[in-house]
Number of protein chains: 2
Amino acid sequence: MSHAHPSSAASHGTASIRDVAELAGVSVGTVSNVLNRPDIVRPATVERVHAAIKELGFVRNDAARQLRAGRSTTIGLVVLDVRNPFFTDVARGAEDEAGRDGLSVVMANSDESPEREATHVAYFETQRVLGLLISPIGDLGERLERLRSSGTPAVLVDRVAGGRRLSSVAVDDVEGGRVAAQHLLDLGRRRLAFVGGPADLAQMQDRLAGVESAVAKAEGASVEAIETLGLGFEDGRRAARALLARHAPARPDALVAGNDLVAIGALQVLMGEGHLRVPDDMAIVGYDDIDFASAAVVPLSSVRQPRDLIGQTAVQILREEAEDPSLAPRNLVFKPELVVRESTAGRAWPRPSPGSAGGVAPARA
Amino acid sequence: MSHAHPSSAASHGTASIRDVAELAGVSVGTVSNVLNRPDIVRPATVERVHAAIKELGFVRNDAARQLRAGRSTTIGLVVLDVRNPFFTDVARGAEDEAGRDGLSVVMANSDESPEREATHVAYFETQRVLGLLISPIGDLGERLERLRSSGTPAVLVDRVAGGRRLSSVAVDDVEGGRVAAQHLLDLGRRRLAFVGGPADLAQMQDRLAGVESAVAKAEGASVEAIETLGLGFEDGRRAARALLARHAPARPDALVAGNDLVAIGALQVLMGEGHLRVPDDMAIVGYDDIDFASAAVVPLSSVRQPRDLIGQTAVQILREEAEDPSLAPRNLVFKPELVVRESTAGRAWPRPSPGSAGGVAPARA
DNA sequence: GGACAGCTTTGAATCGATTCACGAACTGTT
DNA sequence: AACAGTTCGTGAATCGATTCAAAGCTGTCC
């Protein structure tokens, strides 16, 4: 079978560019030209080739195309948790932006596990993706720099690239934590708690730092950090149960949660199992302002991040770095904004100031 | 540059198998063997090759591997809505199962648009993925059959393959609708409404049909269908506003929602804007039993589907069909189960029967 | 009629990993 | 020491699309 012509795409299997060329009576080069630069091919030929393509049901083999080009047109996105609406929204933003250039975004889930994360990065590396968007959990700095110097740029998402020569798109988490805490302090709360984790997650450290900085400036106020294993419902529920186990005076009077999932989980247990009143007995601020926040048992005050924008911007930067690898890394930081709802400013508590609940950032509904 | 040796992986760019071979002082064939069948290579050689691989930071180029193999080891998953937790849970199930065989799952979002869906299917086709998992919106029957006969199997997810020679993994939506309606009827409700859409979505048709069949058997009961454009929060909110615009006697006394997102959106508006009591004035049953269902303003009764299992099973079937394309298509249908919570069985209304609320299917919390 | 420009098309080389028929080297037997 | 039987390693062919130097063709103009 060495010198024979390739098998025709007869009964099954897929037609190749050669089959098309043969049927159309042209060379493979011409078919390729029709596919990629139709303007330099005579119209009549273009038509003949198209007819052949249609008749054979030819579909370009991207593996071959990619092998030649050296790079694919796919962007890899590794998120901490697919089930967290924050990340799916970021993904949507990225998809939209990528689509404009005919690029695709492919999503993988690290589930907050550095091992899974490493696996996915390695996978995308073998795929020679155009670039990587990562919301990192493990320490990838070195690895990503190596990747970058071998032609695969990476952009950190939802995390500022500290020191490393890497671009990032993030939101000022310190500010977010500060704003959340300040709001609670303004409402008269004094014994705050920050619930989130794992503690080595940069976002959590920053948000906690923000809370602490606000508390430090407030008379007689204190914070304690309650670490959770992850950032899902169940983590919030567990933390809330731990709080309920204390006797009432030892409990905080306000919670800043690491994200909305944790906040909602906690909310559920505090009210359902502990019969506490929210916000009366315990005020709660979430983080991310996911769609569910406003639909919770008690609509949740939350720190909103421009999710779509994060995804879009990350893709833009990635695209630019892919084209010009010598570009200096950029670190974009967006400002978060607080959305006030009943979980902090319920009827029983004085609202901060007239119009503030709707004014800071109007809830969508 | 025609006959010259390939450039060494010096300053930048990636090392190829040839660079490794050269450095290790063996042939490319041997390197490939070390990579794929290390058992047939002398241990000393294996070691030498591994050392070279490490020194060069060699990473296998999957495009080339794939080109030769004809197929990739990636499974494409096209979902209706990434933001719907139902689908991310299915994706998790699929990922877990695929991971067992070293396969990867890549997710794309059709957003209930047949055009985007077609684009994604085409994309996966050019990628020569191992197979496709699709929760279809448009009419893909013909296309998928063609794909299958050209070696790319597809499994329909959350939808029974009607007539077509395709496998599918679904849940009995007619039964789900029936159970939801029967529950409401048992509680004494008589004027039901089904809220969901778009109307041409098979799942919606089936669920509605189930509701109608239960209603038909109940004395003096009626249903109306309220069509929504999609299945997100906002769709539920809009539908609820339409209901509130009617004068009270013309409103239904119970809602079956197309999914939980719609249910939660409706719940929110009915209570928040309409000041209705749920379930007193309006009982609501959702669909999917996503995690948020139990955390809603009023914890939501919902029809639970075995989400993880759907994903896992779909991957299993896909794998089998990829290995043996002659396999007859299988159509698996799981049974849904009703989870009763306060949105239907609140204090003000009699519970169906002792223990039933927890017995039918205990809530996770 | 011939030369030349401009437009089309050709086809061999290439990307990197895999495969496999073949040969080299080695072991053990008689 | 010769030969059969193994074990290892080799390297050319291959997958399918792209590229680009070179060849073919058409038409124009002198």
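Here is the naming used below: chain letters follow the sequence lines, and residue numbers restart at 1 for every chain. Nothing here was measured: the structure is a model prediction, and the numbers come from that model.
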Visitor: Which nucleotide wins on minimum distance to the side chain of A/Leu67, given the candidates C/dT8, C/dC15, D/dT19?
Guide: C/dC15

Visitor: So which nucleotide from D/dA17, D/dT10, C/dA17 ends up closest to the side chain of B/Asn61?
Guide: C/dA17

Visitor: D/dA17, C/dT9, D/dT10: which one has an atom nearest the side-chain heavy atoms of A/Val41?
Guide: C/dT9

Visitor: With sugar-phosphate meaning primed atoms plus P, OP1 and OP2, does B/Asp62 contact a base, only sugar-phosphate, or nothing at under 4.0 Å between heavy atoms?
Guide: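 Counting heavy atoms under 4.0 Å across all strands, no contact is made by B/Asp62.
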
Visitor: Would you mind reading off the distance between A/Gln66 atom CD and D/dT18 atom C1', rounded to a whole angstrom?
Guide: 14 Å

Visitor: If each of B/Arg65 and A/Asn33 is mapped to the nucleotide of DNA chain C with the nearest heavy atom, which maps nearer the 5' terminus, i.e. the 5' end?
Guide: A/Asn33

Visitor: Among D/dT10, D/dA17, C/dT10, which nucleotide sits nearest the side chain of A/Arg60?
Guide: D/dA17

Visitor: Nearest to the side chain of A/Asn36 - D/dT18, D/dT19, D/dC8?
Guide: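 Within the option list, the nearest is D/dT18.
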
Visitor: Just checking A/Arg42: base, sugar-phosphate only, or nothing, at a heavy-atom cut-off of under 4.0 Å?
Guide: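 Sugar-phosphate contact only - A/Arg42 comes under 4.0 Å of backbone atoms but never of a base.
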
Visitor: Map B/Thr30 and B/Arg68 onto DNA chain D by nearest heavy atom, then report which one ends up closer to the 5' terminus.
Guide: B/Thr30

Visitor: Using whole Å, what does the distance between atom P of nucleotide D/dG9 and atom CD of B/Glu22 come to?
Guide: 18 Å

Visitor: Which nucleotide sits closest to the side chain of B/Ser32: C/dT9, C/dT19, D/dT18?
Guide: C/dT19

